[in-house]
*Asks:* 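Take a look at the following structure, please.
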There are 2 protein chains.
Amino acid sequence: MKHLPHKTIERLSQYRRALLICAAKGKAHIFSHEIAKIQHITPVQVRRDIMLIGYTGTLRKGYNVQELIDLIGDIIDTKEGLNVAIVGIGNLGRAMINYFNGKRTKLSIVAAFDSNPDKVERAFSGVKCYHIDQMGEIIKNENISIGIITVPAGAAPEITEKLVNSGIKGILNFTPKPVNVPSRIYLEEYDMITSLEKIAFFVKTHA
Amino acid sequence: MKHLPHKTIERLSQYRRALLICAAKGKAHIFSHEIAKIQHITPVQVRRDIMLIGYTGTLRKGYNVQELIDLIGDIIDTKEGLNVAIVGIGNLGRAMINYFNGKRTKLSIVAAFDSNPDKVERAFSGVKCYHIDQMGEIIKNENISIGIITVPAGAAPEITEKLVNSGIKGILNFTPKPVNVPSRIYLEEYDMITSLEKIAFFVKTHA
DNA sequence: TACCCTTTGTTAAATTATTAACAATTTTCT
DNA sequence: AGAAAATTGTTAATAATTTAACAAAGGGTA
Ligand SMILES: NC(=O)c1ccc[n+]([C@@H]2O[C@H](COP(=O)([O-])OP(=O)(O)OC[C@H]3O[C@@H](n4cnc5c(N)ncnc54)[C@H](O)[C@@H]3O)[C@@H](O)[C@H]2O)c1
Ligand SMILES: NC(=O)c1ccc[n+]([C@@H]2O[C@H](COP(=O)([O-])OP(=O)(O)OC[C@H]3O[C@@H](n4cnc5c(N)ncnc54)[C@H](O)[C@@H]3O)[C@@H](O)[C@H]2O)c1
């Protein structure tokens, strides 16, 4: 197994999410076309992705759900797990913490930061909120490697810089303001408006 | 201008978002490399996208910001605009309404739905919340064509079906449960965990 | 004027991603 | 046993996307 395509990594994450649900329902084996149905893709693509990670199913029986979950874990997760911090405990930040909380063992939100004194020193869905000035210290002490940005757009550049200076390795930016990071840092950005506008375009052109 | 690639549509939406900020700052012209810098892509890609939509800049002066905004609008937006509904007024739903509110003229969230009686008949960031049972009626009356799903994952299939039966044209699903829709409906799904796991993978392999 | 620099627009090449095709194997059925 | 059906694994083909290459044009400047 050499270089996994970007898109394959995304799909593996999604397969695992679906597989965990199957496992919870007591399903022991799954066919490529079942995974495909769930993810709205083709069975060939599923088989190809699984081939790329070197896993082999059983003919006419499909893939062993638990084995596949474990293997995807070996690829995506690190042994000790990675710690995550979230900056900005507004509506979106709270939604994210709340959603994430307790979902993953290998990826955990261990700290929150905010500048509003009403929020610091409180816990949100079990995650303690610190003042933004403590960021450098906490990120180092808690060995945090990923930061999620959910502050107002105007504060994004400043927060990004703080995260970078604190030694973060990856950033997920939810503000509509694109931020700049050194190339060693992996940056991912998401904005709902792009998703909606894409839908709008296809609704329009398909009409 | 024939078929615009999927990816180009996404980027056009992002360009416009950035261009609107530039316009607000009073910037009249912009170079391909400036747009590229903001979006973390190459200037060639920007020029190519702009070529595909048939716009032409001025040599050594760049693109006219307002013209480009307008043209992207012509491509993505419909003349009268599209109406959007959001289902599930929890943390995430409120974050989304609040973010979206007042941002776009051509795309507006005109109704919210929830099953919790404490939430119906109230307004959230200016959007009125109706009971889920009124969905069919309101979607037709208000001419809503896009639905955003932010209910608990378990309720996603049922809500999807309701939206489909109400005649919705496009769906943006934020629950971690992939849903099924007829092929005439454009579906977009987003899950933060995929983003985070992708970051985790690249942080791990780049280390 | 002649030359250099910048920046666009476009075609061509390279890369990445998806889909198709099909052999191989196991199970089921007759 | 033999035929039919289902399903995986893999290679080959196709399609989509990005990147490179470069000509053309405008402006600055010696
Ligand atoms: N990408 C998306 O789809 C999407 C959706 C909704 C919102 N958003 C964006 O996410 C961000 C947060 O949205 P929200 O609704 O949670 O906003 P919010 O105003 O509710 O929350 C912002 C939080 O950040 C804190 N904050 C402000 N300045 C800060 C600073 N300098 N340092 C640390 N903390 C600071 C505030 O105290 C507040 O708690 C906004 O930028 C919004 O535009 C993005
Ligand atoms: N994609 C992402 O990145 C992301 C992030 C956070 C949360 N989520 C998901 O988004 C969803 C909402 O998250 P949240 O934190 O806002 O949850 P929440 O519990 O705060 O809100 C859910 C809302 O849906 C309403 N609801 C429940 N059942 C309903 C039904 N049958 N019909 C109509 N309304 C109903 C509830 O009354 C509540 O208001 C969850 O599925 C969560 O997993 C996704």
Side-chain angles (χ1 to χ4, degrees), chain A residues 1-15 19 22 27-68 71-72 75 183 187 194 198 201-202 205, chain B residues 1-15 19 22 27-68 71-72 75 183 186-188 194 198 201-202 205:
Chain A
M1 175 183 36
K2 41 205 68 173
H3 293 310
L4 293 173
H6 245 66
K7 286 292 181 69
T8 294
I9 295 297
E10 275 181 36
R11 283 191 299 262
L12 288 175
S13 163
Q14 289 164 356
Y15 297 162
L19 290 168
C22 294
K27 195 169 167 64
H29 289 85
I30 193 165
F31 294 126
S32 61
H33 65 257
E34 294 177 293
I35 299 178
K37 185 88 190 303
I38 300 174
Q39 300 299 146
H40 318 302
I41 56 177
T42 64
V44 198
Q45 184 145 75
V46 173
R47 293 207 299 277
R48 217 175 180 297
D49 285 333
I50 291 176
M51 183 191 85
L52 289 176
I53 63 176
Y55 182 68
T56 289
T58 316
L59 203 44
R60 300 228 30 175
K61 206 172 166 197
Y63 303 96
N64 180 301
V65 174
Q66 193 55 52
E67 279 177 15
L68 199 43
L71 181 56
I72 294 174
I75 291 161
S183 66
L187 173 70
T194 296
K198 210 163 98 180
F201 175 79
F202 285 100
T205 54
Chain B
M1 175 183 34
K2 41 205 69 171
H3 293 309
L4 293 172
H6 248 66
K7 287 290 180 68
T8 294
I9 296 297
E10 275 180 37
R11 282 191 299 264
L12 287 175
S13 163
Q14 289 163 358
Y15 297 163
L19 289 169
C22 293
K27 195 169 167 65
H29 289 85
I30 193 164
F31 295 128
S32 61
H33 65 257
E34 294 177 293
I35 300 179
K37 183 90 190 300
I38 299 174
Q39 300 299 145
H40 318 301
I41 56 178
T42 64
V44 199
Q45 184 145 75
V46 173
R47 293 206 300 278
R48 216 174 181 297
D49 286 333
I50 291 176
M51 183 192 84
L52 290 176
I53 64 177
Y55 182 68
T56 290
T58 317
L59 204 45
R60 300 225 31 170
K61 205 171 165 199
Y63 304 96
N64 179 301
V65 174
Q66 193 55 52
E67 280 177 15
L68 199 41
L71 181 57
I72 294 175
I75 291 161
S183 67
Y186 190 85
L187 173 68
E188 181 88 9
T194 296
K198 210 162 98 180
F201 175 80
F202 286 101
T205 54

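Letters A, B, ... are given to chains in the order of the sequence lines, protein chains preceding strands, and every chain is numbered from 1.
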*Asks:* In terms of side-chain heavy atoms of A/Lys7, which of D/dG9, D/dT17, C/dA17 is nearest?
*Replies:* C/dA17
*Asks:* Both A/Leu59 and A/Pro5 contact DNA chain C. Taking the nearest nucleotide for each, which residue is further toward the 5' end?
*Replies:* A/Pro5
*Asks:* I'd like to know if A/Arg60 reaches the base of D/dT7 with its side chain, counting only an N/O donor and acceptor under 3.5 Å.
*Replies:* no
*Asks:* Do any side-chain nitrogens or oxygens of A/Ser32 fall under 4.0 Å of OP1 or OP2 in D/dT8?
*Replies:* yes
*Asks:* Take atom NZ of A/Lys61 as the centre, draw a 6.0 Å sphere, and report whether it contains more than 12 heavy atoms from other residues, nucleotides or ligands.
*Replies:* no
*Asks:* To the nearest angstrom, how far is A/Glu34 atom CD from D/dA6 atom P?
*Replies:* 14 Å
*Asks:* Counting side-chain heavy atoms from CB outward, which of C/dG9, D/dA21, D/dT18 is closest to B/Met51?
*Replies:* C/dG9
*Asks:* At less than 3.5 Å, do the side-chain atoms of A/Arg48 and the base atoms of C/dT19 form a donor-acceptor pair?
*Replies:* yes
*Asks:* Compare the minimum distances between each of D/dT19, D/dT7, C/dT7 and the side chain of A/Phe31, then state the nucleotide with the smallest one.
*Replies:* D/dT7
*Asks:* Please report, rounded to the nearest Å, how far the C1' atom of D/dG9 is from the CD1 atom of A/Ile53.
*Replies:* 13 Å
*Asks:* Taking OH from B/Tyr55 and P from C/dT10, how many angstroms apart are they, rounded to a whole number?
*Replies:* 14 Å
*Asks:* A/Glu67 side chain to A/Asn64 main-chain N or O, any donor-acceptor pair under 3.5 Å?
*Replies:* no
*Asks:* Judged by atom type as modelled, is there a donor-acceptor pair below 3.5 Å linking the side chain of A/Thr205 to the main-chain atoms of A/Phe201?
*Replies:* yes
*Asks:* B/Arg47 has a side chain; which of D/dT18, C/dA20, C/dG9 sits nearest to it?
*Replies:* C/dG9
*Asks:* Any idea which heavy atoms bring B/Glu10 and A/Thr194 closest together, and the distance?
*Replies:* O-CG2, 3.8 Å
*Asks:* Check whether the side chains of A/Gln39 and A/Tyr15 place a donor and an acceptor atom closer than 3.5 Å, and report yes or no.
*Replies:* no
*Asks:* For the side chain of A/Thr56, starting at C-beta, report the closest nucleotide among C/dT7, D/dT19, D/dG9.
*Replies:* D/dG9
*Asks:* Taking the minimum atom-to-atom distance to the side chain of B/Tyr63, which one of D/dT17, D/dT8, C/dT8 wins?
*Replies:* C/dT8
*Asks:* Would you classify B/Thr8 as touching base, sugar-phosphate or nothing, given that sugar-phosphate means primed atoms plus P, OP1 and OP2, and contacts are heavy atoms under 4.0 Å?
*Replies:* nothing
